[in-house]
Amino acid sequence: MFSRVLLRSLEKIFKTTGCTKRNYSPKISFNKVTDSTVKSLRDLLGEKKVFTEEAVREQHSHDESYHTSAMPDVVVFPDSVEYVSKVVAFCNTNRIPVVPYGTGTGLEGGVNAVQGGVSINMKNMDKVVEVNGLDFDVTVQPGITREALNSYCRDTGMWFPIDPGADCSVCGMCATSASGTNAVKYGTMRENVLNLEVVLPDGRIIHTSGKGRRAKKTSAGFNMTNLFVGSEGTLGIITQATVKMHGIPEKTVVAYCHFKKIEDAVDTVIQIVSSGIPVAKCEFLDDSAIKAFNAYSDYHMPVAHSLFMEVHGPEASVHHLFNEITTLCISNNGYGFTGAEQAEDRARLWKARHEMLYAVNALVPGSKSFVTDVCVPVTKLTEIIVKTKQWIDKANIIGPIVGHVGDGNFHVFFPIKPGDTTALNTVLDISKQMVLLSLALNGTCTGEHGIGLGKRKYLLQEVGEDGVSAMQQVKQALDPNGIMNPGKIFY
Ligand SMILES: Cc1cc2c(cc1C)N(C[C@H](O)[C@H](O)[C@H](O)COP(=O)(O)OP(=O)(O)OC[C@H]1O[C@@H](n3cnc4c(N)ncnc43)[C@H](O)[C@@H]1O)c1[nH]c(=O)[nH]c(=O)c1N2
Ligand SMILES: CCCCCCC(=O)C(=O)O
Ligand SMILES: [Mn+2]
């Protein structure tokens, strides 16, 4: 049923655009990178910022996902926006693909240079440009990582809470609209970016909210900032970001609790969120995830579906929230409710949560995990998680379920041995079922990892034919030569 609707929509698009079935974007042909291209880049940037060595290209050919690597022809390391602008303008004139590279921790093949070209690594632009403590905002260069930003700001009493686990670049996070564990209270990158400096494909440098502006709200024209948040390097290169900061909470308490029935655990989340309890983190780990977690991180939790939660705020309110959460967990048959206030205990728990990937991979030595990412309205969460668990059990494969359930967002980690195509096909099938169910429940095919390469096939179904063609018109207007990260988001 779904696939027939999808096919009909695709056929319509092919008819109106004259594109092929495999590629519903007009086919763009790029020029090859030659010795003379490399020489020109060296003339622009200097000898030491341009690399063609295989080891460097290989490192820039993939992210942390399962997608097949694809090497750029050359990798450059600019150290100023002017250099970025010169390189991009040069590539535009010469019809050469440009692939922005942050720290390569993405999970949908965003940095893989599927058409070759120039990979632009932002790591040499990693400074804090401005700190406005009283306004709770900072302006940073693209390559600074979120942990480096937090270390820099520690003494200001502010922190940047968006936490995807990996220590990725702040502008890579803008580009993927990253989120993670704290989004349920602090929002995702979409809610936390005030202004971006962007190098457009023709080399122009724009400030999406106007140069230097950092007002908390604006009604001045289109929201260009959020056009670039989540654009995955397909519209331009983000060379500076002004982001919101938050006060370091006076008090932080974590709690975890276990459930025999998966429905009880997820229903508790729905009740916590719908009763307006402002949890800062609300993570679900199913029994299989807890098994991996215990083995890898030396915890001894009951092997049961579990919630890990955190509350932030002034002392009195934190204790009040903690009591409310305890009551809800217990009323849904939760057991083993445990709280922790000490910074070391909290850090140990969240470190172990963030290491789930490695914990799951350790279950199947030599494996690499395929990770899914869907997000539904919170009230639909029980239905989709229960169904997902049934699909995993029926397929008789290992697939721990882990999620930022306070937002309705969850993942399955499937450890797969290289070359095990049977397992990969089973996993691809479950992943597809999850996406289709998520869409049917008015959710999305990706809550936080982006479209990249792996979710392109679902975009049409998610936003519709006119939605995709409007996105493509924006792309065409800003990047008429299609040089920016070709092959991502759209086919
Ligand atoms: C162990 C682990 C755990 C997680 C995650 C990864 C890993 C390895 N992630 C995914 C990842 O950390 C996230 O997508 C980051 O935002 C990627 O940032 P990088 O700097 O690594 O971008 P990376 O270099 O991987 O690039 C990602 C995309 O952004 C583009 N890009 C990068 N820098 C750009 C710039 N300056 N301008 C324009 N485009 C640019 C690239 O072209 C690419 O398309 C995640 N994510 C999440 O949201 N929630 C989570 O819970 C997790 N958890
Ligand atoms: C390479 C797989 C990394 C998995 C991280 C998934 C994730 O988003 C999480 O919350 O954990
Ligand atoms: Mn996640």
Side-chain angles (χ1 to χ4, degrees), residues 59-60 62-67 72 78 81 84 88 97-114 119-123 125-126 140-146 162-183 188-190 196-200 228-241 281 283-285 289 350 353-361 368-375 400-405 407 409-415 446-453 484-489:
Q59 194 214 327
H60 290 77
H62 61 86
D63 57 12
E64 295 284 338
S65 65
Y66 73 97
H67 293 290
V81 61
V84 175
V88 173
V98 171
V99 185
Y101 187 100
T103 53
T105 68
L107 298 175
E108 279 302 349
V111 299
N112 301 27
V114 292
S119 172
I120 305 194
N121 185 317
M122 311 307 290
K123 81 182 234 252
M125 294 172 70
D126 64 349
V140 296
Q141 290 188 332
I144 191 168
T145 67
R146 61 178 190 87
I162 321 300
D163 172 22
D167 187 22
C168 41
S169 73
V170 171
C171 289
M173 292 173 68
C174 293
T176 60
S177 189
S179 45
T181 54
N182 289 315
T188 71
M189 288 307 281
R190 289 208 196 274
L196 293 173
E197 178 185 78
V198 179
V199 173
L200 296 178
F228 286 91
V229 174
S231 61
E232 303 187 35
T234 63
L235 297 178
I237 303 209
I238 303 169
T239 47
Q240 186 171 287
K281 292 181 166 82
E283 299 282 308
F284 169 79
L285 290 87
W350 295 122
R353 157 64 185 92
H354 286 317
E355 286 175 354
M356 275 312 298
L357 168 69
Y358 313 106
V360 173
N361 288 348
K368 201 170 173 198
S369 275
F370 175 105
V371 183
T372 68
D373 171 40
V374 292
C375 186
I401 304 177
V402 173
H404 317 295
V405 280
D407 292 315
N409 183 200
F410 72 99
H411 316 295
V412 185
F413 294 64
F414 292 108
T446 170
E448 55 177 20
H449 297 164
I451 296 285
L453 295 170
M484 287 308 308
N485 212 357
K488 311 299 162 58
I489 301 185

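First listed ligand is number 1; within each ligand, the first listed atom is number 1.
- A donor-acceptor pair is defined here as one N or O able to donate and one able to accept, closer than 3.5 Å; no such pair exists between the side chain of Lys281 and the backbone of His404.
- Nearest to atom 50 (C) of ligand 1 by heavy atom, out of His411, Glu448, His62, Met484, is Glu448.
- Looking at atom 33 (N) of ligand 1, its nearest protein heavy atom turns out to be Gly172 CA, 3.6 Å.
- A distance of 3.5 Å separates CD in Glu197 from OG1 in Thr239, rounded to the nearest 0.5 Å.
- Judged purely by atom type and a 3.5 angstrom limit, Asn182 has no side-chain atom pairing as donor or acceptor with the backbone of Ile162.
- Near Gly236, the atoms of ligand 1 lying under 4.0 angstrom from a non-hydrogen atom of the residue are 38 (C).
- Checking Ser231, Pro142, Cys174 one by one against Leu196, the side-chain contact (heavy atoms from CB on, under 4.5 Å) holds for a single residue, Cys174.
- A distance of 8.5 Å separates OG of Ser169 from CE of Met122, quoted to the nearest 0.5 Å.
- The closest approach between a heavy atom of Ser231 and any atom of ligand 1 is not below 4.0 Å.
- Protein atoms of type N/O/S that fall under 2.8 Å from the Mn ion (ligand 3) number 3 in this view.
- Scored by the salt bridge (Lys or Arg N to Asp or Glu O under 4.0 Å) test, Asp163 finds Arg146 as partners (sequence neighbours excluded).
- Checking Asn112, Val199, Val98, Thr176 against atom 28 (C) of ligand 1, the nearest heavy atom belongs to Thr176.
- When heavy-atom distances to ligand 2 are checked against 4.0 Å, the residues falling inside are Glu64, Leu107, Arg353, Leu357, Val371, His404, His411, Phe413, Glu448, His449, ordered by chain and number.
- Checked against salt bridge (Lys or Arg N to Asp or Glu O under 4.0 Å), Glu232 has no partners two or more places apart in sequence or in another chain.
- When hydrogens are left out, the protein atom nearest atom 48 (O) of ligand 1 is Ser179 N, 2.9 Å; that is the closest non-hydrogen contact.
- Shortest contact from atom 20 (O) of ligand 1 to any protein heavy atom: Ser169 OG, 2.7 Å.
- Phe414 is listed as a side-chain neighbour of Thr372, based on a closest heavy-atom distance under 4.5 Å.
- A distance-only check finds a donor-acceptor pair linking the side chain of Asn361 to the backbone of Ser369 [under 3.5 Å].
- The shortest contact between atom 41 (C) of ligand 1 and any protein heavy atom is with Pro100 O, 3.1 Å.
- Remark: among candidates Cys174, Cys168, Ala166, Gly102, the nearest residue to atom 7 (C) of ligand 1 is Ala166, based on non-hydrogen atoms.
- Looking only at heavy atoms of the protein, atom 21 (O) of ligand 1 is closest to Thr103 OG1, 2.6 Å.
- Selection from Thr145, Thr239, Ile162, Ile238 by nearest heavy atom to atom 35 (C) of ligand 1 gives Ile238.
- Proximity of Lys488 to ligand 1, defined as any heavy-atom pair under 4.0 Å, is not found for any part of the residue.
- With hydrogens left out, the protein atom closest to atom 30 (C) of ligand 1 is Ala175 CB, 3.7 Å, a heavy atom.
- Considering only non-hydrogen protein atoms, atom 10 (C) of ligand 1 sits nearest to Thr105 O, 3.5 Å.
- To the nearest 0.5 Å, the span separating CD on Glu355 from CH2 on Trp350 amounts to 14.0 Å.
- Around atom NZ of Lys368, more than 12 heavy atoms belonging to other residues, nucleotides or ligands sit under 6.0 Å away.
- Taking CG from Leu235 and CD1 from Ile489, the interatomic distance works out to 7.0 Å, rounded to the nearest 0.5 Å.
- The single protein non-hydrogen atom nearest to atom 23 (P) of ligand 1 is Gly104 N, 3.6 Å, given as residue, atom name and distance.
- The closest approach between any non-hydrogen atom of His404 and ligand 1 is below 4.0 Å.
- When non-hydrogen atoms are compared, ligand 1 lies under 4.0 Å from the side chain of Glu64 (C-beta onward) but not from its backbone.
- Scanning Gly109, Gly165, Pro164 for the heavy atom closest to atom 3 (C) of ligand 1 points to Pro164.
- Between Ser179 and Arg190 the shortest side-chain heavy-atom distance does not fall below 4.5 Å.
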